[in-house]
Amino acid sequence: MIRLLLVNEFRLMCNVLASVLEDESDIEIVGITTNVEDALSQASESDVMLVSTRLPNNGALRLTRAVNEAELPVRVLILGLADTEAEVIEFVEAGASGYVLQDDSVDNLLSNIRAAYNGEALVSPGIAGALMARVSELAQLFATVDGTVAEVVDFTPREREIMQLLAEDMTNQEIADFLVIEVGTVKNHVHNILEKLGVSSRHEAAAYWALMSQR
Amino acid sequence: MQSQRIILANDQRLLREMFRRVIKKIPDFKVVGEIADLGELPRMIERLEPQWVLVSLNQDGKLPQALCSLLADYPKVRLLAMDADGSEVKIKWVETHEEDLKDLSLGALVEALRSQSPWELSVQS
């Protein structure tokens with residue numbers, strides 16, 4: 001059963017959506033909210049959030065970013081976009097799992113809800129092309145930045161060793177045990193690594209190392 | 001019970017299809033036609049004789065002028081117009097009557113349609 005949270009400012013559309021979706025045996029509407037804050041507080045009780053793009057004050061984008069930043073397991077599906085590539089890409093970059101256009105059918109809406117629940121996304125060929133172009137653009141941008149960082153950052157052999165272990169998702173204690181050093185020493189190395197990379201988390205440092213390893 | 005005949009003439013497919021499904025569940029309402037192109041509306045009204053036409057409001061919240069003119073030709077038809085998020089709803093017929101309804105529930109909308117149906121008014125008069 002897909003637990004669905006409706007996020008829409010106006011009662012009429014909430015009622016209409018609820019009336020349409022209640023006919024589906026695999027979808028259960030677990031809540032209806034009208035604003036970003038309430039949606040965030042109910043996010044953990046739902047699998048998919050169907051968010052109206054017309055929430056005031058750019059609410060749909062703010063909510064999508066907030067869900068992504070908080071690493072909440074709920075999938076965000078944006079409802080009511082016009083078919084403009086820039087708008088769709090903006091929401092995808094914010095962390096949306098999918099989108100439903102104004103000119104989609106109800107069957108498309110239902111397919112999108114099910115796809116989002118399954119960790120999939122349905123995109124039109126036009127949007128797929130735009131997304132591929134964007135990924136390529138970002139990869140080129142990242143390669144440029146990454147090359148610059150690699151040239152500037154001078155890691156010690158020990159730091160490289162520890163980055164490799166961070167990438168393997170080891171804790172400080174596990175790294176200390178593995179390298180037979182004090183955990184405090186590991187903390188110092190991790191601190192230095194984060195500082196040299198200019199990142200704020202070991203997760204980001206591990207991602208950086210994973211990328212460097214592929215080069 | 002006489003069914004109220006509705007044409008869905010909203011240019012957004014999703015909204016149109018959702019309303020078709022919702023109206024199908026209401027026993028005294030019947031969707032008799034559905035179009036995205038308003039240019040076809042006069043021909044459909046001639047052929048299908050609806051009591052209501054559901055349309056979109058302009059971006060500025062007003063009814064499209066062409067639809068207002070249409071009402072003069074078909075005085076028995078009423079327009080139910082709404083914006084894309086359902087926050088503003090207008091009901092209009094002939095030249096004289098226009099009603100703004102804000103933040104309605106679906107139940108309230110259906111009641112508004114029932115209470116202002118053309119045949120209901122003719123019985124009262």
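Hydrogens, waters and symmetry mates are skipped; everything else that's a heavy atom, side chains included, is used. Below, read A as the first sequence line, B as the second, and so on, with proteins coming before strands; counting in each chain starts at 1.
- In summary, R21(B) and D23(A) do not engage in a salt bridge, as defined by a charged side-chain N under 4.0 Å from a carboxylate O.
- You'll find the side chain of L14(B) reaches within 4.5 Å of the side chain of V106(A), heavy atoms only.
- With a 6.0 Å radius and a threshold of 12 heavy atoms from other residues, nucleotides or ligands, M132(A) has its CE atom at or below the threshold.
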Checking side chain to side chain contact (heavy atoms under 4.5 Å, CB included) for the pair L15(B)/M13(A): CA distance, chi angles, key distance, verdict? CA-CA 9 Å; L15(B) 209 54; M13(A) 291 318 297; 3.2 Å; yes
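- Under a cut-off of 6.0 angstrom, the local environment of NZ in K25(B) is crowded, with over 12 non-hydrogen atoms contributed by other residues, nucleotides or ligands.
- Proximity of a side-chain donor or acceptor of E17(B) to a complementary backbone N or O of S105(A) within less than 3.5 Å is not detected.
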Stepwise side chain to side chain contact (heavy atoms under 4.5 Å, CB included) test for M18(B) and L17(A): CA-CA 7 Å; M18(B) 287 200 298; L17(A) 278 165; 3.5 Å; yes
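- For the pair S19(A) and V22(B), the tightest heavy-atom approach, listed with the atom from each and the gap, is OG-CG2, 3.6 Å.
- Between the CZ atom in R11(A) and the CG atom in L109(B) there is a gap of 11.0 Å [rounded to 0.5 Å].
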